[in-house]
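Have a look at the structure below, then the notes.
Not measured: the values here are computed from a predicted model. Residue numbers start from 1 in every chain, and the chains themselves are labelled A, B, ... in the order their sequence lines are given, proteins ahead of strands.
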There are 2 protein chains.
Amino acid sequence: MRLVIADCQVDYIGRLTAHLPTATRLILVKADGSVSIHNDDRAYKPLNWMSPPCKLSEAPFEDGAATWTVTGKDGGQLVISISNVLHDSSHELGVDPGLQKDGVEAHLQELLAEHPETLGEGWTLVRREYPTAIGPVDLLCRDASGGAIAVEIKRRGEIDGVEQLTRYLELMNRDPLLAPVRGVFAAQEIKPQAKVLAGDRGITCITVDYDALRGMDDPSLRLF
Amino acid sequence: MRLVIADCQVDYIGRLTAHLPTATRLILVKADGSVSIHNDDRAYKPLNWMSPPCKLSEAPFEDGAATWTVTGKDGGQLVISISNVLHDSSHELGVDPGLQKDGVEAHLQELLAEHPETLGEGWTLVRREYPTAIGPVDLLCRDASGGAIAVEIKRRGEIDGVEQLTRYLELMNRDPLLAPVRGVFAAQEIKPQAKVLAGDRGITCITVDYDALRGMDDPSLRLF
DNA sequence: GCGTCGATTTCGATA
DNA sequence: TATCGAAGTCGACGC
């Protein structure tokens, strides 16, 4: 990893065209060849960048001034004109063991698939990722009387999710083997607008308690 | 801007829980207080970060080892245990003049508004950002025979865009002064699923050649 | 301030 | 390898 602090001017021609007037910035060159240009605000998004794989060629001038041309695999180019280098250092970082995450939508779906009864009494799971022509429904369940229920699961329930479920329901209700199919929108948190839209479409909203579900899933609590 | 290269272990508790085992990484502290942890690959996304506004408190130990606790406004915490500092430097960057872009959706809309005939022969523009109760339609045009056409423009055409246009059409077709209104979904690239959904809704898909449009817009080609 | 929407989104899983 | 949906999305603009 190479860190350069310098006055620079940057032009990008690729998926769009962009220009960055001269100013002092951080130029970050990673071991994978990627280059990113950071200013002193915005937590993580650079002003300009080139994703790997890409190739960096340097054309040095006097006084440490140089033009760097970074060419991406799609032919996009990032041209960096460096005029005044304040800092330049390289560092060996080695391989990173990687990040471990917990608490995403996949896990929520997993837990609800294991415990469909938390959505409604007597409900059973038919299958996860039930396929339709426009994509898979998160869960297909049956209620105590055998009626089909399509369940859409989100971490945060917003309008998009209700739209998505509406599309699935429209299609599934054309299938005589399934119809009538009810819709359930399950999320850790459901925005008021999403609730209103769901109500208007006859879709039931269920707010899911992730911690409680995770507790049910705790192996130490399993007695069977 | 402060750059630290050090062995570190990171734990994040906030919107999710994440753990990062010890390894050598770049810790980037920006003037706005934001902190991000980078390894030596992935173009620009940090492994972990805290967005501003947030507060950094350092608890130093011997040999430069320390624990940094970064607390966000939502109460989320990023705990960084630093054990071996290889580099530590600070730099004054000043204000950035900012990025100038060309080729985003706004520009595409501008070009299509100037050249509605590229969407259909004899088509004319009624207006851009035609207002409806649920938001503005990108373009309202009329075809050669005077029929109304609502045009939704995206850089990349996906299902969401078709949904959006469908809602507009539903409303506009209730207006006796406009109805019947046809729908056109225009984008540089349209995903198969979006095409299927659009076809099902009777919406026409048009793939737009941005470079050709920009060429038409080239002042040197203007003879009038 | 929240809500909506675009993004050189990036990233990961899946067919 | 394309495609599709999620993201600790972020960030900008409108109300």
Side-chain angles (χ1 to χ4, degrees), chain A residues 10-18 20 34-37 41-52 54 70 72 74-78 98-99 101-109 129 131 134-138 152-156 158-161 164 187-188 191-194, chain B residues 10 12-18 34 36-37 41-52 54 70 72-78 98-99 101-109 129 131 134-136 138 152-161 163-164 167 187-196:
Chain A
V10 186
D11 285 281
Y12 168 73
I13 299 178
R15 286 187 270 215
L16 56 61
T17 303
L20 212 42
S34 64
V35 178
S36 52
I37 319 284
D41 55 24
R42 285 199 275 193
Y44 78 73
K45 194 164 191 185
L47 293 161
N48 272 111
W49 69 93
M50 184 65 77
S51 302
C54 58
V70 188
D74 61 353
Q77 278 199 331
L78 192 66
L99 186 66
K101 289 186 184 180
D102 176 31
V104 288
E105 180 188 315
H107 198 185
L108 196 57
Q109 187 192 112
E129 305 289 350
I134 54 169
V137 179
D138 288 337
E152 178 64 34
I153 301 167
K154 295 282 178 205
R155 200 173 53 81
R156 292 181 194 178
E158 295 176 32
I159 279 186
D160 279 8
Q164 198 179 335
Q188 277 185 270
K191 294 279 170 75
Q193 287 201 341
Chain B
V10 186
Y12 168 72
I13 299 178
R15 284 187 269 220
L16 58 64
T17 303
S34 64
S36 52
I37 318 283
D41 54 26
R42 287 205 269 191
Y44 74 73
K45 194 167 188 187
L47 292 161
N48 258 322
W49 71 93
M50 185 63 78
S51 302
C54 58
V70 188
K73 63 169 175 182
D74 61 353
Q77 277 198 333
L78 192 65
L99 186 66
K101 290 183 185 184
D102 170 35
V104 290
E105 181 189 315
H107 201 166
L108 194 57
Q109 187 192 117
E129 304 289 349
I134 54 169
D138 287 336
E152 178 64 33
I153 300 167
K154 295 285 179 204
R155 207 169 52 81
R156 292 184 191 179
E158 296 175 32
I159 278 185
D160 280 6
E163 290 289 8
Q164 199 178 338
R167 289 194 292 267
Q188 282 183 265
E189 179 199 347
I190 301 179
K191 293 282 168 75
Q193 286 202 345
K195 280 187 185 170
V196 170

Open item on the list: Heavy-atom nearest nucleotide on DNA chain C for A:K191 versus B:I153: which residue maps closer to 5'?
Closed with: A:K191

Task: Nucleotide nearest B:V104 when distance is taken to its side chain, options C:dA7, D:dG8, D:dG5 - done: C:dA7

Task: Considering all heavy atoms, the nearest B:A43-A:S36 contact - done: O-OG, 4.0 Å

TODO: Identify the two heavy atoms, one from B:E105 and one from B:D138, that lie closest to each other, and give their separation to 0.1 Å.
DONE: OE2-OD2, 4.2 Å

Open item on the list: In this structure, how many angstroms lie between the C1' atom of C:dG3 and the CG atom of B:D160, rounded?
Closed with: 15 Å

TODO: Would you mind reading off the distance between B:E158 atom CD and D:dA6 atom C1', rounded to a whole angstrom?
DONE: 12 Å

TODO: Could you grab the distance from atom NZ of A:K101 to atom CG of B:L16, nearest 0.5 Å is fine?
DONE: 6.0 Å

Open item on the list: If I take atom CD1 from residue A:I159 and atom CG from residue B:D160, how far apart are they, to the nearest 0.5 angstrom?
Closed with: 11.5 Å

Task: Nucleotide of D:dC4, C:dA7, C:dC5 approaching B:Q193 most closely (side-chain heavy atoms) - done: D:dC4

- [ ] Mind checking B:N48 for me? I need base, sugar-phosphate or nothing, with any heavy atom below 4.0 Å counting as a touch.
- [x] base

TODO: Write down the distance between CG (B:D138) and P (C:dC5), rounded to a whole number of angstrom.
DONE: 11 Å

- [ ] Send over the distance from B:D74 CG to D:dC10 P, rounded to a whole Å.
- [x] 10 Å

- [ ] Using a 4.0 Å heavy-atom cut-off across all strands, classify A:I159 as base, sugar-phosphate, or nothing.
- [x] sugar-phosphate

Open item on the list: How many whole angstroms separate atom CG of B:L47 from atom P of D:dG8?
Closed with: 12 Å

- [ ] Supply the atom-to-atom distance A:L47 CG to A:R42 CZ, rounded to the nearest 0.5 angstrom.
- [x] 5.0 Å

Task: Whole-Å distance separating the CG atom of A:D11 from the C1' atom of C:dT8 - done: 14 Å

- [ ] Could you pick out which residue, B:Q164 or A:P192, lies toward the 5' side of DNA chain C when each is mapped onto its nearest nucleotide?
- [x] A:P192

TODO: Measure the shortest side-chain to side-chain distance between B:K191 and B:E189 over non-hydrogen atoms and say whether it is less than 4.5 angstrom.
DONE: yes

Open item on the list: Return the CZ to CD distance between A:R15 and B:Q188, rounded to the nearest 0.5 Å.
Closed with: 11.5 Å

- [ ] Using a strict cut-off of less than 4.0 Å between a Lys/Arg side-chain nitrogen and an Asp/Glu carboxylate oxygen, indicate whether B:R156 and B:E158 qualify as a salt bridge.
- [x] no

TODO: Round to the nearest Å and state the distance from A:Q188 atom CD to D:dA7 atom P.
DONE: 10 Å

- [ ] Give one of base, sugar-phosphate or nothing for A:M50, where a contact means two heavy atoms less than 4.0 Å apart.
- [x] nothing

Task: B:M50 side, atom CE; B:I37 side, atom CD1 - distance, nearest 0.5 Å - done: 10.0 Å

Open item on the list: Rounded to whole Å, please give me the gap between CG in B:L99 and P in D:dA12.
Closed with: 11 Å

TODO: Whenever both distances are under 3.5 Å in a Watson-Crick or G-U wobble pair, mark it; put DNA chain C into dot-bracket that way, with [ ] for crossing pairs and | when the partner is on another strand.
DONE: |||||||.|||||||

TODO: From the options A:V70, A:I13, A:D11, select the one residue that forms a side chain to side chain contact (heavy atoms under 4.5 Å, CB included) with A:L78.
DONE: A:V70

- [ ] Write down the distance separating the P atoms in D:dG11 and C:dC11, rounded off to the nearest Å.
- [x] 15 Å

Listed pairs, N/O of protein and of nucleotides 10-15 of chain C, under 3.5 Å:
residue, atom, partner, partner atom, Å
C:dT10, OP1, A:W49, NE1, 3.2

